[in-house]
Amino acid sequence: MSTAERPMPPLDADERTTLASWLDFYRATLVQKCADLSDEALRETSAAPSPITLLGLLQHLAEVERNWFRRVLAQEDVPPFFPPPAGGADGNQGSEGGWQVAEDATGAQALARWEGEVAVARVNCAARALDDTSPFMGAQVTLRWIYTHMIGEYARHCGHADLVRERVDGRTGV
């Protein structure tokens, strides 16, 4: 996995460009945190008892992209990539899956799956206005809300990724 370009979001853009740019910034940050690591290193955790790995983060965020931009926004009937975590029903249609890493999972596979979901997300977003709504949990959710939620989701998980990466090889920042 090589380092991705991480463009700074524009300082004076319209709302849609600002939202999309910040989401892309955090997407690129995630890829940079996973860059230049072996599959073994991508499986390392930050500290016990946390099971979070960079490979698990990539898988999870592919699932999150799939959930919000396909199942919720576009109302596509696509199954989850990964089963929901043990111990209960997944109330958000699979978006909590991906944390557990199969023995044969690779970084290249996870990155390709994630990139595929990001590409579909961009297409699904381009076809809609920020105020367009989709049904969600008995209410309506706007694309604007989904963008904002996803920026928060990625920002939180990029923080996790930073801690894991520091544990793996000491690399911080980026």
Side-chain angles (χ1 to χ4, degrees), residues 1-37 42 46 52-76 78 81 92-96 98-99 107-108 110-174:
M1 205 173 294
S2 62
T3 303
E5 189 69 25
R6 188 176 71 160
M8 173 69 176
L11 300 175
D12 61 351
D14 61 83
E15 182 183 16
R16 182 187 194 99
T17 301
T18 299
L19 291 169
S21 296
W22 273 107
L23 181 55
D24 282 341
F25 175 84
Y26 284 119
R27 285 169 170 159
T29 300
L30 176 70
V31 173
Q32 284 186 345
K33 294 295 176 186
C34 298
D36 305 320
L37 292 175
L42 289 170
S46 63
I52 295 176
T53 66
L54 292 169
L55 188 51
L57 279 166
L58 269 175
Q59 290 181 162
H60 171 68
L61 286 164
E63 195 71 75
V64 170
E65 292 271 354
R66 187 175 185 85
N67 183 64
W68 283 103
F69 293 117
R70 295 183 73 178
R71 289 189 200 101
V72 175
L73 181 66
Q75 296 293 295
E76 293 180 34
V78 293
F81 290 124
N92 206 5
Q93 305 175 40
S95 67
E96 293 304 314
W99 291 108
L111 181 63
R113 179 176 280 148
W114 176 83
E115 287 174 334
E117 290 304 313
V118 168
V120 172
R122 287 185 177 126
V123 169
N124 286 346
C125 289
R128 291 165 176 78
L130 290 176
D131 290 328
D132 284 358
T133 62
S134 298
F136 179 67
M137 297 180 69
Q140 295 291 311
V141 63
T142 64
L143 174 56
R144 176 184 290 103
W145 189 97
I146 293 171
Y147 266 129
T148 303
H149 172 75
M150 291 295 288
I151 291 165
E153 179 92 9
Y154 268 92
R156 180 174 57 255
H157 289 320
C158 284
H160 296 135
D162 194 42
L163 293 172
V164 176
R165 182 65 189 245
E166 183 177 12
R167 170 83 168 131
V168 169
D169 67 2
R171 184 173 166 200
T172 60
V174 181

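Note that the structure is predicted; figures quoted are calculated from it, not measured.
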Which atom of Leu55 lies closest to which atom of Ala110, heavy atoms considered: CD1-CB, 3.5 Å

Intermediate values then yes/no, salt bridge (charged side-chain N to carboxylate O under 4.0 Å, His left out), Glu65 and Arg113: CA-CA 10 Å; Glu65 292 271 354; Arg113 179 176 280 148; over 6 Å; no

Partner residues of Asp12 under the side chain to side chain donor-acceptor pair (under 3.5 Å) criterion, sequence neighbours left out: none

Beyond-backbone contact of Leu130 with Thr142, side-chain heavy atoms, under 4.5 angstrom: no

Thr29 and Tyr154, any side-chain heavy atoms less than 4.5 Å apart: no

Pairwise salt bridge (Lys or Arg N to Asp or Glu O under 4.0 Å) hits with a residue in residues 135-144, at least two apart: Glu15-Arg144, Asp131-Arg144

Atom pair CZ/CZ of Phe69 and Arg122 - distance to nearest 0.5 Å: 10.0 Å

4.5 Å side-chain heavy-atom contact, Glu117 and Leu61: no

Side-chain heavy atoms of Leu42 within contact of Thr53, under 4.5 Å: no

Residue list, ring-ring contact (aromatic ring centres under 6.0 Å, His included) with His157, at least two apart or on another chain: His60, Trp99, His160

Side chain to side chain contact (heavy atoms under 4.5 Å, CB included) assessment of Lys33 paired with Leu57: CA-CA 10 Å; Lys33 294 295 176 186; Leu57 279 166; over 6 Å; no

Side-chain heavy atoms of Cys34 within contact of Leu111, under 4.5 Å: no

Listed partners of Tyr147 passing ring-ring contact (aromatic ring centres under 6.0 Å, His included), at least two apart: none

Qualifying residues under side chain to side chain contact (heavy atoms under 4.5 Å, CB included), relative to Gln140, sequence neighbours excluded: Thr133, Pro135

Trace of the salt bridge (charged side-chain N to carboxylate O under 4.0 Å, His left out) decision for Arg165 with Asp162: CA-CA 5 Å; Arg165 182 65 189 245; Asp162 194 42; over 6 Å; no

Aromatic ring proximity Phe136/Trp68, centre distance under 6.0 Å: yes

pair Cys125-Leu143: side-chain heavy atoms closer than 4.5 Å: yes

Point-to-point distance, once rounded to the nearest 0.5 Å, from CG of Leu73 to CD1 of Ile146: 4.5 Å

Heavy-atom closest contact (Arg27 atom, Ala121 atom, distance): NH2-CB, 3.9 Å

Pair listing, ring pair (Phe, Tyr, Trp, His ring centres under 6.0 Å) test, anchored in residues 5-25, at least two apart: Trp22-Phe25, Trp22-Tyr26

Spatial distance of atom CG (Leu23) from atom OG1 (Thr18) [nearest 0.5 Å]: 12.5 Å

Any donor-acceptor N/O pair, Glu63 side chain to Phe81 backbone, under 3.5 Å: yes

Flag if over 12 foreign heavy atoms under 6.0 Å of CZ, Arg16: yes

Heavy-atom side-chain contact between Pro7 and Asp24 under 4.5 Å: no

Atom pair CD (Glu76) and CZ (Arg71), whose distance is rounded to the nearest 0.5 Å: 9.5 Å

Least distance between heavy atoms, Ile151 atom then Leu19 atom: CD1-O, 3.6 Å

